[in-house]
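What follows is a set of notes on a single structure, which appears directly below.
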Number of protein chains: 2
Amino acid sequence: MPVTIKDVAKLAKVSPSTVSRVIAESPKISEETKKRVYKAMKELNYYPNAIARSLANKSSKTLGIILPNTAEDLFVNPFFIQAMRGISTYAQKRGYYIMLAYGEEEENEINIIKDYTNSKLVDGIILLTVRQNDKAIKYLREARRSFVVIGRPKNLENVLWVDNDNFKAMYDVTTYLIEKGHKNIAFIGGPYNLNVTKDRFEGYKRALEIRGISLDKELIKEADFNEVKGYQAMNEILKNKTPSAVITTDDLIAFGALNAIKEQNKKIALVGFNNTPLAAYQKPTLTSVDINAEKLGYNAAKLLISKLENKKVDKNHYIVETKLIERESTKG
Amino acid sequence: MPVTIKDVAKLAKVSPSTVSRVIAESPKISEETKKRVYKAMKELNYYPNAIARSLANKSSKTLGIILPNTAEDLFVNPFFIQAMRGISTYAQKRGYYIMLAYGEEEENEINIIKDYTNSKLVDGIILLTVRQNDKAIKYLREARRSFVVIGRPKNLENVLWVDNDNFKAMYDVTTYLIEKGHKNIAFIGGPYNLNVTKDRFEGYKRALEIRGISLDKELIKEADFNEVKGYQAMNEILKNKTPSAVITTDDLIAFGALNAIKEQNKKIALVGFNNTPLAAYQKPTLTSVDINAEKLGYNAAKLLISKLENKKVDKNHYIVETKLIERESTKG
DNA sequence: ATGAAAGCGCTAACAT
DNA sequence: ATGTTAGCGCTTTCAT
């Protein structure tokens, strides 16, 4: 037999509603009864039943996180666990809980989202990645659910999102290299239909423009987010040209490129992206852009909870600062 | 206005309890009414309210996972995210949900556990690590909560647990090295008051014994789970001796040891533990023991759910096989 | 400032 | 095989 609000009421010689008010910290409760109630709660070792509260309040105070199982680097890249920590930190602070699920593939992911939201198990959803033409976003928008995505989706209508300023990040990296004297700077990006890639490429392009360096098509390649593709892309570049520096949009791509560079015994500066733990373990250690995954998560939770609590929010997004972590691969 | 079981009942011209039975797939419902009910549910786009079910059932069908924020390698070691995937996979299969929280430190962790369990938000708890003298375990045991831990706790009383056979894993590693001709094999373990370390050390010791090699105290060191300590421990060993092989109980320790070995230009075989992604990125690539974190998680969920559903379980633990991943550091 | 009572949406014992 | 009814534990409107 669990201790309920009624038991507390009886012991404190008040009504259940009074106890409820005390829990909710209602202002119009006399200090004296408040004390009696607290005492009774202590004595009985009472804990509010969260499920019952959720039912009565029509809110579970829970956020659902969907982890994309398909992400190639789910295990290599600590992004996810860092983002989750950020989410959790803010959520805990605000008295929210976190539910977690791995989506096997896109269809299954949507089923999880439907289950979470339709069953009222969660008040809102956080998506940790944005796909091209994301069906999950489409569904959430149409079903009018509260949600936030990490990454800037193509269609910004009715979406809360959090992202880095990818344009600026890459603009800064490029400028940094130019100021180090580099003129032939190659760019190996992830898939070009992704927003991130586009933004990063634009930053690269603009930085070159501003400093009067013209774009060389042969120095620009596309690669999936993995080592092999990075390796291949680098080799393609080296077939015709020898840049003095190479920028990539992901550490994994950079690792592959590094292998190609080493094989050919070249001395080329190299920059990665995401600052994964592996970056510090390359030879030479890899300069990379830290995206502050924890803050991305933190702000995502913040945005979503604001929306859930009907705060009149002017913001529908946050931009999180990136930071260039300089290592050996761009030194000397 | 959400659609409830009553609306469905009205439309299907049955009572709410009948609808409830249909949802629960009760056998004694005629095919005909079943169809009518399903049709009505479709028509009204009805979804059961999980919160209300939880309240009535006195079970949330939710497992709580506590992530130790203090773990030094939370971000480097994909153990956690892998274990969580295993948990999630089994839980989803059985219709259970996962709640997640990061415990800042041990005290705060216990508060989270209390909150989760006292509020009836979760049916059971999964601990991803076991500390020495674990207060969380102590609390859970005394409060008579259902829980499972990954790792073998010291006191096995009333505990469900999942772990590798650490004795065997290290016995095998040691034997493997001996058969490669090594005789002076050093051992750098994590803190010796941990069960894991003890078990692994015993495996090492026994393997030497069996093959008639006597223990050399100067080849045995203790180190925390990080690179610097590994580096220091290795240097201490090298001050007096030069083993032909070194076994460690963690990749991070091995990385540090590797640096020391390289600095002194020695050629020493080296084995890590946990098979983190970084292992494949060392020069030379590091031989390591894979612990199958996903399976640990999967079995943890299995054990806990069996207990929750009162399956008469003979088992109170699972042992998960490890696998030696051979790489360059033990070749030639 | 406090109490009575209805209701959140579902389940299950009991009745037929 | 199906309906009636009384909860599950909490919140909240409406009284007083």
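Quick caveat, the model's predicted, so the values are computed rather than measured. Throughout, a chain's letter reflects where its sequence line sits, starting with A, and its residues are numbered from 1.
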Assess, by modelled atom type and distance only, whether the side chains of A:Y97 and B:D115 contain a donor and an acceptor separated by less than 3.5 Å. yes
Considering only heavy side-chain atoms of A:V14, the closest of C:dG3, D:dT4, D:dG9 is C:dG3
Here the distance between atom P of D:dC14 and atom NZ of A:K28, to the nearest Å, is 13 Å
- More than 12 foreign heavy atoms under 6.0 Å from NZ of B:K154: is that the case here? yes
Go through the side-chain N and O atoms of A:N118 and A:R145 and say whether any donor and acceptor fall under 3.5 Å apart.
yes
Per atom distances to the B:S15 side chain, the nearest of C:dG7, D:dT4, C:dG9 is D:dT4
Closest to the 5' end of DNA chain D, once A:Y46 and B:T18 are matched to their nearest nucleotides, is B:T18
Note to self: When you measure only distances, ignoring hydrogens and angles, does the side chain of A:T33 come within 3.5 Å of the base of C:dA1 through a donor and an acceptor?
What the structure shows: no
Could you tell me if B:S17 and B:S20 have a donor-acceptor pair between their side chains, going purely by distance under 3.5 Å? no
Result for 5'-nearest mapping on DNA chain D, choosing between B:K34 and A:A52, is B:K34
Rounded to whole Å, CD1 of B:I23 lies from C1' of C:dC10 at a distance of 8 Å
N/O (side chain, A:K13) to phosphate O (OP1/OP2, C:dT2) under 4.0 Å: no
note: B:I5, atom CD1; C:dG7, atom C1'; distance rounded to Å ~ 16 Å
Atom CE of A:M41 and atom P of D:dG9 are separated, to the nearest Å, by 17 Å
Per atom distances to the A:S17 side chain, the nearest of C:dT11, C:dG3, D:dA1 is C:dG3
ask   = Under 4.0 angstrom, heavy atoms only, what part of the nucleic acid is A:L55 near: base, sugar-phosphate, or nothing?
value = base
Rounded to whole Å, CG of A:L121 lies from P of C:dC10 at a distance of 13 Å
Closest of D:dA1, C:dA13, D:dG9 to the B:R21 side chain is C:dA13
Separation of C:dA1 atom C1' from A:R36 atom CZ, nearest Å, is 12 Å
Between CG of A:N118 and P of C:dG9 the distance, given in whole Å, is 14 Å
To the nearest angstrom, the NZ-C1' distance between A:K6 and C:dG3 comes to 14 Å
### Query
Should A:K58 be listed as having a side-chain N or O under 4.0 Å from OP1 or OP2 of C:dG9?
yes
A:S20 has its side chain closest, among C:dC10, C:dT11, D:dT11, to D:dT11
Quiz item: Is there a donor-acceptor contact under 3.5 Å from the side chain of A:D123 to the main chain of A:S60?
Solution: yes
Among the nucleotides D:dG9, C:dT11, D:dT12, whichever has the atom closest to the side chain of B:R53 is C:dT11
